[in-house]
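All figures in this text were calculated on a predicted structure; none of them were measured in a lab.
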Amino acid sequence: MSKLLEIFGKAIPVDTAELIWHWLLTIRTQHQPAPPPWQGELDSTLEHLGHHDLRKAEETLKFYLFEYPDCVFGRMTAAALCLYQNEVQEAYHQAQSVYLRQPSNTMALYALGYCQERLGRPAEAMAFYQDCIKFKSHLQLPRHRMAAIYLQSGRLDKTIREYEMLTTEHPEDISSHILLGHLYLADGRSEQAVDTFNMAILSHPDNFSEDGPNEEIRQLLDSGCYDQAMENILHLMEEMGPQPDLYVHLADVYSQS
């Protein structure tokens, strides 16, 4: 189903360079005074990155790394700078230097997976994403990308497993519930799809409408007019966009077919 195409794009809109920059700022804010060997040059670099002044950021970072070449914060800053400059291979090398020093650093692991995926190496990317989850099972971004890679390779069972974990770890995420329901439908598990869509309704009742065209669809379903109900549902989806209650009706149709 076309809805499943959304899985391929999950996490892609997230700017990984910005993600690293925010991660570094969070560390800087949480540590007062700054964590060693954090120095003024690194603060300046982050400030320049925040203003997207990449030339000045590169200048200040060069001095900092010359003095502190083993600093993981400096290397992650370098990885972010490289991604801002679209130098993916060099960003990978910078994040790798952090990984070699801190194998459990999930920011470095995610950056490595992201770079490998950008470089067209999904199997290698998957290994880094899996390590992210091993250390922090609640992380959404690596699970989204793992599911996308599994779906791309035709592993529907593995894709379903990742979305089952996403809905368990983040029950408030309605989009994951909806996509999991569609995955169940694609796998021929209509009863589980209906249960999943209904769970989304119970979790977020305000997002679902009981009035309007849905009443007509319910009447068609009650009368056994499944083909006409399907036609109405698909038309409304095209006209109104992705409405969760329409997915529930769609699941009802599949469960009777």
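Under the 4.5 Å side-chain heavy-atom criterion for Ile, Leu, Val, Met, Phe, Trp and Tyr, Leu119 and Met146 are members of distinct hydrophobic clusters. Ile133 and Leu151 fall into different hydrophobic clusters, where Ile, Leu, Val, Met, Phe, Trp and Tyr side chains are chained together by heavy-atom contacts under 4.5 Å. Linking Ile, Leu, Val, Met, Phe, Trp and Tyr residues whenever their side-chain heavy atoms come within less than 4.5 Å places Met107 and Val98 in a single cluster. Note on Tyr92: it does not cluster hydrophobically with Leu65, by side-chain heavy-atom contacts below 4.5 Å among ILVMFWY residues. In the hydrophobic cluster analysis, where Ile, Leu, Val, Met, Phe, Trp and Tyr join through side-chain heavy atoms closer than 4.5 angstrom, Trp23 is grouped together with Leu61.
Around atom NE2 of His51, no more than 12 heavy atoms belonging to other residues, nucleotides or ligands sit under 6.0 Å away. Around CZ of Phe135, the count of heavy atoms belonging to other residues, nucleotides or ligands within 6.0 Å exceeds 12. Shown here is Gln85, whose CD atom has more than 12 heavy atoms of other residues, nucleotides or ligands within 6.0 Å.
Closest non-hydrogen pair, Ala79 versus Ala95, comes out as CB-N, 4.2 Å. The shortest non-hydrogen separation linking Arg75 to Ser97 is CG-OG, 3.4 Å. Residues Ile20 and Ala80 come closest through the heavy atom pair CG2-CB, 3.8 Å. When every heavy atom of Ile160 is checked against every heavy atom of Leu180, the shortest pair comes out as O-CD1, 3.9 Å. The two residues Gly181 and Ala193 have their closest heavy-atom pair at O-CB, 3.4 Å. The heavy-atom pair separating Leu109 from Ser104 by the smallest distance is CD1-C, 4.5 Å.
In this structure, Leu54 and Leu49 have side chains that are in contact, with non-hydrogen atoms separated by less than 4.5 Å. Residues Ser190 and Tyr184 are not in side-chain contact: their nearest non-hydrogen atoms beyond the backbone lie 4.5 Å or more apart. Residues Ile149 and Thr159 have side chains not in contact (no heavy-atom distance under 4.5 Å, counting atoms from C-beta outward). Looking only at side-chain heavy atoms (C-beta outward), Leu141 and Lys10 stay at 4.5 Å or farther from each other. Residues Tyr150 and Leu156 have side chains not in contact (no heavy-atom distance under 4.5 Å, counting atoms from C-beta outward). Looking only at side-chain heavy atoms (C-beta outward), Pro142 and Gln130 stay at 4.5 Å or farther from each other. Between Val88 and Cys82 the shortest side-chain heavy-atom distance does not fall below 4.5 Å. Looking only at side-chain heavy atoms (C-beta outward), Ser137 and Met165 stay at 4.5 Å or farther from each other.
Atom NZ in Lys134 sits 14.0 Å away from atom NZ in Lys136 (nearest 0.5 Å). Note that NE2 of His144 and CG of Leu139 are 11.0 Å apart. Values are rounded to the nearest 0.5 Å. We find the OG1-NE2 distance between Thr196 and His182 to be 11.0 Å, quoted to the nearest 0.5 Å. The line from NE2 of His170 to CD1 of Ile174 is 15.5 Å long, rounded to the nearest 0.5 Å. Taking CD from Glu124 and CD from Gln116, the interatomic distance works out to 5.5 Å, rounded to the nearest 0.5 Å. To the nearest 0.5 Å, the span separating OG on Ser176 from CG on Leu179 amounts to 6.5 Å.
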Apply salt bridge (Lys or Arg N to Asp or Glu O under 4.0 Å) to the pair Arg55 and Glu59, showing each step before the final yes or no.
CA-CA 6 Å; Arg55 183 184 61 80; Glu59 289 175 359; 2.9 Å; yes
Pair Tyr99-Leu112, side-chain contact (heavy atoms from CB on, under 4.5 Å): steps then yes or no:
CA-CA 9 Å; Tyr99 169 68; Leu112 287 168; 3.6 Å; yes
After noting the C-alpha distance and the side-chain angles of Ser44 and Thr60, does the key distance pass the side chain to side chain donor-acceptor pair (under 3.5 Å) rule?
CA-CA 7 Å; Ser44 297; Thr60 55; 5.9 Å; no
Between Asp173 and Leu166, is the side-chain contact (heavy atoms from CB on, under 4.5 Å) condition met? List the steps.
CA-CA 8 Å; Asp173 181 5; Leu166 280 165; 5.7 Å; no
Just do the side-chain contact (heavy atoms from CB on, under 4.5 Å) check on Cys115 and Leu83 with the steps written out, would you?
CA-CA 9 Å; Cys115 290; Leu83 289 176; 4.2 Å; yes
Given the rule in the side-chain contact (heavy atoms from CB on, under 4.5 Å) test, do Gln94 and Thr77 qualify, once you have shown the distances and angles that lead to the verdict?
CA-CA 9 Å; Gln94 295 293 342; Thr77 304; over 6 Å; no
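Here the two rings, on Phe197 and His177, have centers that are 6.0 Å apart or farther. Here Tyr110 and Phe128 keep their ring centres 6.0 angstrom or further from each other.
Side-chain atoms of Arg145 do not come within 3.5 Å of backbone N or O of Gly113 as any donor-acceptor pair. Between the side chain of Asp187 and the main chain of Leu183, no donor-acceptor pair closer than 3.5 Å is present.
For the residue pair Tyr68 / Glu41, no side-chain donor-acceptor distance below 3.5 Å is found, with atom types taken as modelled. No side-chain N or O of Glu162 forms a donor-acceptor pair with one of Tyr129 less than 3.5 Å apart. Looking at Trp21 and Asp15, their side chains never bring a donor and an acceptor atom within 3.5 Å of each other.
Between Phe73 and Trp38, the ring-plane angle classifies as tilted under the 30° and 60° cut-offs.
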